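Below is one structure, written out as structure tokens; the observations come after it.
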Amino acid sequence: MTKKYDFKSIEKKWQTIWEQEKLFDTTIDKTKKKFFGLIEFPYPSGAGLHVGHPRSFTAMDIISRKRRMQGYNVLFPIGFDAFGLPTERYAIKAGIHPAVATKQNIENFTRQLKSMGFSFNWGGVINTTDPRYYKWTQWMFIQMFKAGLAYKGEETISWCPECKIGIANEELENGHCERCGSEVVKKKKSAWILKMQSYSDKLIEGLKSVDFPENIKKMQIDWIGKSTGSEIDFEIKDTNEKLKIFTTRPDTIFGATYMVISPEHPLIEKLSSKIKNLDAVKDYQSKASKKSDFERTQLQKNKTGVKIEGLVVINPFNKKEIPIYTSDYVLMGYGTGAIMAVPAHDDRDYEFAKKFNIPMIEVIAGGNINETAYTKDGPHINSEFLNGLNNEEAINKINTEIEKLGIGKQSVKYKMTDWVFTRQRYWGEPIPMVYCEKCGWVPLDEKDLPLTLPDVSDYMPTDEGLSPLAKATDWVNTTCPHCGGPAKRETDTMPTWAGSSWYYLRYMDPHNDKEFASKEALNYWGQVDWYEGGTEHVTRHLLYSRFWHKALYDMGLVPYDEPYKKRSVHGMILAENGEKMSKSKGNVVNPDTIVSQYGADTLRIYEMFIGPFDQAAAWSTNSMIGIYRFLNRVFDLTEKVKDIPMTQKDTQIIHQTIKDVSERIEEMKFNTAVSALMICSNYMGEKEAIPKTMMETFTKLLSPFAPHISDEMWEILGHNNRLAYENWPQYDEKALQTTSVNIVVSVNGKKRFETEIPTNLSEEETKEKILSLENVKEYIKGKNVKKVIVVPNKLVNLVI
RNA sequence: GCAGAUGUGGCGGAACAGGUAGACGCAAGGGACUUAAAAUCCCUCGGGCAUUCAAACGCCCGUGCCGGUUCGAUUCCGGCCAUCUGCACCA
């Protein structure tokens, strides 16, 4: 009787069994080695799962399933990162509560994820919008506040006029809001801020101890943007004020022909009485403030500015007077908001100087400053005591002089700013802080956590940009936890990145209502062993959560100073034409369609087969049919299984397959792992009868990729247990050996023919064997063999 | 502009401590089965030349372009070109 591969009933059957048996539910088991595999938990949008999700999820599911079979106690958890603007928007539009929308979306995601057969720890699902979860997000915020890591500041923030929300630098795309695409403007707002910049060095340093791809490390290092330079004070002539500038090239100080201060620089206000063209300066200031970040970047190549008449600084080394300009190419938010401009040796200064006809002084030889700024190394000229020195020597020398004169010091600056931890939105964690006229900002008592979101009738921010929570006056008005007097609650909520900054810790102990996770769980599960996710989160989520974790570590709350031991990244799944999949383009593929047409196992393997895991890949429903055929053939193989011993060739093939599949999973070369399985199944397909042990081993190797069909086949092969906890096959190096090998014979590097000889002949033996061949005699007849190159078991090259 | 990555058949892609280029799969063409179609199975499948009834065999070219190192280069080195990703006036 031929049994057909009926994926629908097979997948349903096994998903039900796994669920009933709670096969993948995880608890601490100290008798086993642990493995903590993590995928970035999804944002449960109304659109449902995207075909991009299964690429990453299947990869980690394969690794987790393999680890389980290798005897590890595996934690492979799932949860939902559910606070955020899209849900709030949807809720406003549909007129339902965001919590209701979230619940529906999570249900839909859960159904979809279960239909894919992922071996998640379904007993420990978390949801960042659950008060039992965000209680601990709030608790951690309070700990940071107490440790001095969170403060309320007045900050110039990027403001999206469309979303009415403050935007962190990380959420900007070319000066546009990454959500709605509007141009962002500058706005002063009071905001909660986390002192992330103070962790810059630790975040760079910590990368040494973790296994991240090099380019990911580099992206984080570049994002943090550490640069070492010097701060130098320039006296402002006829005043008591000094202009403090920051430069990485103090050695070029003799080439400074003008200074630039940012339009927001406080000195303009302070010395306004001395400025002769105050109107022009003020006018420029107001124009600059109205420019969006987008305009500023667009105008990169077209510098603007105004000379500040009436103010000059004195070069401390040659006492020359230097004029001051204000220009928005100098940013108040970086360094000291002021620079010394050396047009001969800096591209930006060069451009500005050309436009404003400012003279240049060449101080490093080697370039041609008539054409372009020279920014490379060379001997210093026109620089008094620095003449003749190279860049490094000159920098050291000038720094010594600067310190001797007491006019500055070496200093380190970072591009990465502190984390603006405030959103004027409803659908986020309430910030557990209260403002009291007498006591200032006071955190809630921990026993009063969680501080839950109040019910409000409308989720729009106020026109002044206050969070909708401000409208819930009953909720806002409270008493001070410190003095008991009247006080008001903070009405801003936390950004989306809050809940995701520590979720992996909650996974270790998801139901604990005494602590965010017990010490026992934190110690047992330790670091995340392998964290799989997308590149788009490298400078946002990944950096935030590393910071958050390090802060917890410094407070003694977690036992390791880095959360993730190893990180891998996957490429995006693109639409068939190579474009990004997006709702607006209408080219989104819904995994549900594929699962119902071909089955989850086919979709899983297809996504692994589609191309190199770390590279982008274009979807092709057409190509998926090949995987479906493969699984059908594999299923049919069970009919040919007999209780017979394996031949030597069988042994060699199956051991080669064990080796290839095992190694390639570890290297995330899933596409070639699948092809190794195909080669093995093609081989078995040609046989009259397949030895049972061979088929069993093959089924085990297939199971992480296609768990449903594998458990079904395992049952057909006469087993009544689950493959998930069977032993992962081991290969034997000796079994891989063949008795004869093909040797390529080439002449002068060109392949001529191949021939079979016994395996493992020595170089001498191979040479003899080959030279005695009739073919070879033909080729070398009448010619002079200069050299014979032998690569044992591979090739012989005759040089004639 | 800076940094990183990638360029291989009609397509997705294999093979890189230098050693048979095109594994595996898709598409295409031919055949078998069928009344027919689908499904399935078998064969062919980078380009060119010559030979042949036909096939095999044979020879030449071919891994973005130009050069170099080497007995031998998709792989290493130098210089270009193109595409993608990240960052972007950070002094």
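Proteins get letters first, then strands, A, B, ... in listed order; numbering begins at 1 in each. What you see is a predicted model; the values in this text were computed from it and never measured.
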Using the C1' atom in both, what is the distance from rA88(B) to rA27(B), to the nearest Å? 43 Å
Could I get the full list of side-chain hydrogen bond (donor to acceptor under 3.5 Å, both in side chains) partners for Asp211(A), not counting sequence neighbours? none
Looking at Tyr334(A), I'd like to know whether one of its side-chain N or O atoms comes within less than 4.0 Å of OP1 or OP2 on rA91(B). yes
Ion pair present between Lys659(A) and Glu663(A), side-chain N to carboxylate O less than 4.0 angstrom? yes
Contacts of Gln197(A) that satisfy side-chain hydrogen bond (donor to acceptor under 3.5 Å, both in side chains) - sequence neighbours left out: none
Count the heavy atoms of every other residue, nucleotide or ligand shown that sit under 6.0 Å from NZ of Lys355(A), and state whether that count exceeds 12. yes
Taking syn as any angle within 90 degrees of 0 and anti as the rest, which one fits rG25(B)? anti
Taking side-chain hydrogen bond (donor to acceptor under 3.5 Å, both in side chains) as the definition, give me every residue that meets it alongside Thr372(A), ordered by chain and number, with sequence neighbours left out. none
Check the interface with nucleotides 42-49 of chain B: list each N/O to N/O pair with the protein under 3.5 Å, or write none.
none

What's the gap between rC2(B) and rC77(B) when it is taken at their C1' atoms, as a whole Å value? 24 Å
Report yes if the distance between the aromatic ring centroids of Phe352(A) and Tyr329(A) is under 6.0 Å, otherwise no. yes
Writing each nucleotide of RNA chain B 5' to 3' as (, ), [, ], | or . by Watson-Crick or G-U pairing under 3.5 Å yields (((((((..(((......[....))).(((((.......))))).((((........))))..(((((..]....))))))))))))....
Look at the side chain of Lys218(A) and decide which nucleotide, out of rA91(B), rC89(B), rG4(B), has an atom nearest to it. rG4(B)
Is Glu607(A) salt-bridged to Arg55(A), going by a charged N under 4.0 Å from an acidic O? no
Protein within reach of the bases, or only the backbone? For nucleotides 10-20 of chain B, mark each nucleotide 5' to 3' as B, S or -, using heavy atoms under 4.0 Å. --BSS----BB
Using only side-chain N and O atoms of Asn622(A), determine if any of them is under 4.0 Å from OP1 or OP2 of rG25(B). no
Is NZ or CZ of Lys242(A) both nearer than 6.0 Å to the six-membered ring centre of Phe234(A) and within 45° of the ring axis? no
Could you state the atom-to-atom distance from CG of Asp614(A) to P of rG86(B) in whole Å? 15 Å
Glu40(A)/Arg567(A) salt bridge by N-O under 4.0 Å criterion: yes
Classify the side chain of Lys415(A) and the base of rC87(B) as holding, or not holding, a donor-acceptor pair under 3.5 Å. no
Separation of the C1' atoms in rC53(B) and rC71(B), to the nearest angstrom: 43 Å
Counting only side-chain N and O atoms of Arg629(A), is one of them less than 4.0 Å from OP1 or OP2 of rC26(B)? yes
Classify the angle between the aromatic ring planes of Trp419(A) and Phe547(A) as parallel (below 30°), tilted (30 to 60°) or perpendicular (above 60°). perpendicular
Check the angle between the aromatic planes of Tyr258(A) and Tyr325(A) and answer parallel, tilted or perpendicular using the 30° and 60° thresholds. perpendicular
Nearest to the side chain of Trp223(A) - rA88(B), rC26(B), rG25(B)? rA88(B)
Give a yes/no on whether any side-chain N or O of Thr539(A) is located under 4.0 angstrom from OP1 or OP2 of rG86(B). no
